[in-house]
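Heads up, the thing below is written out as structure tokens.
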Amino acid sequence: MKTYLLIFAFCCSLSCTLLADVAVEATAHVPDQFNEKSNDPKWLYSKETIGQTFLPSAAKISFLSVYIFRLETKEANVTPYKGPAPLTLKLWPFKESLEKAKSDPPSASCSDESAFDVGHDKFFEVNKEVEAGQKYYFELSTQETPAPCYYYTCQYGGAPYAGGEFYKSGNPWNGSALRFKTYCPVKLESNTVIESKIPEIIEIRFDKKVDKNNVKAFVAGPCGTIKIDKHWKNANTLLLQGKIPTYPADEAVYKTYVSFPDPDNGVCQVQVFTFSYKKAQK
């Protein structure tokens, strides 16, 4: 409680009003399917593709992240390609075989132009409704770049992810998995409760264009403010991304504070979004 009082006092010191003329909405993006293990780094280039099958447990995929990045320096006597290298992610419902699944147009497609990077993880905005429990396949390609440029990693063997497996150029690597993560959205409304998995992305949407340089946003938990990265998706949407810690208690309350000047009159305003996180019961 003392922590929240201090934060509230900080917001009040900004001479802001809690009655905002600009409508603001917030959505938490919670991990759904993932594999975070890896032991086998590789290059992606030319006509090669990499992919992964998975079983979503939610009805929508908002973001999908993959550990993949452009390597700028020489690695193992390979000089990486530095020219244009568009990276595309496509999604299909999986059928009897990969060939049959890809005989239909992808249900979603997005490029790295709209993606954002956190470290070596690239986050693609998919925003696609899916059928929970139905197997899906996503694939990455580099538009036939002439030489190595993208570096990715997978977990070879050991069956790290039970819901699917890694594919390289259409061939399954049994018992292996790409390093990836899918997210599902949860709109933050009054007294929102999120169970089992803590959000890793908080999306803030303004209904008017705001001055990005004067927008302040942070997340606070029971022990104070939490280190988090900020990414502007567009002029009206701010993404807060980071590892939000959990605590020994079975339930904890988190607050996202957003302060910004009204674009019409310059008056500073504050919005607060609260959610409770409940641990899964064993």
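Because the structure is predicted, anything quoted here is derived from the model rather than measured.
Side-chain atoms of Y167 and E139 form no donor-acceptor pair, as typed in the model, at a separation below 3.5 Å. Q155 and Y161 form no side-chain donor-acceptor contact under 3.5 Å, judged by distance and modelled atom types alone.
Partner of H29 under the ring-ring contact (aromatic ring centres under 6.0 Å, His included) criterion, out of F63, F123, Y183: F63 alone. Looking at T27, N236, T237 one by one, the single match for side-chain hydrogen bond (donor to acceptor under 3.5 Å, both in side chains) with R205 turns out to be T27.
By the 30° and 60° cut-offs, the orientation of the rings of Y156 relative to W173 is perpendicular. The aromatic rings of Y247 and Y254 lie tilted to each other, with the angle between the two planes from 30° to 60°.
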I would like to know whether Y150 and D112 meet side chain to side chain contact (heavy atoms under 4.5 Å, CB included); could you show each step before the answer? CA-CA 12 Å; Y150 282 99; D112 60 335; 3.4 Å; yes

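Of the possible polar contacts, one joining the T53 side chain to the E165 backbone as a donor-acceptor pair under 3.5 Å is found.
For K227, the NZ atom sits in a loose shell: 12 or fewer heavy atoms of surrounding residues, nucleotides or ligands are nearer than 6.0 Å.
Electrostatic pairing of E36 and R179 does not count as a salt bridge here, judged by no charged N lying under 4.0 Å from a carboxylate O. Look at D121 and K181 and you find no salt bridge, because none of the NZ, NE, NH1 or NH2 atoms lies under 4.0 Å from a carboxylate O.
Taking the centre and axis of the six-membered ring of W92, the NZ or CZ atom of K102 falls inside the cone set by 45° and 6.0 Å.
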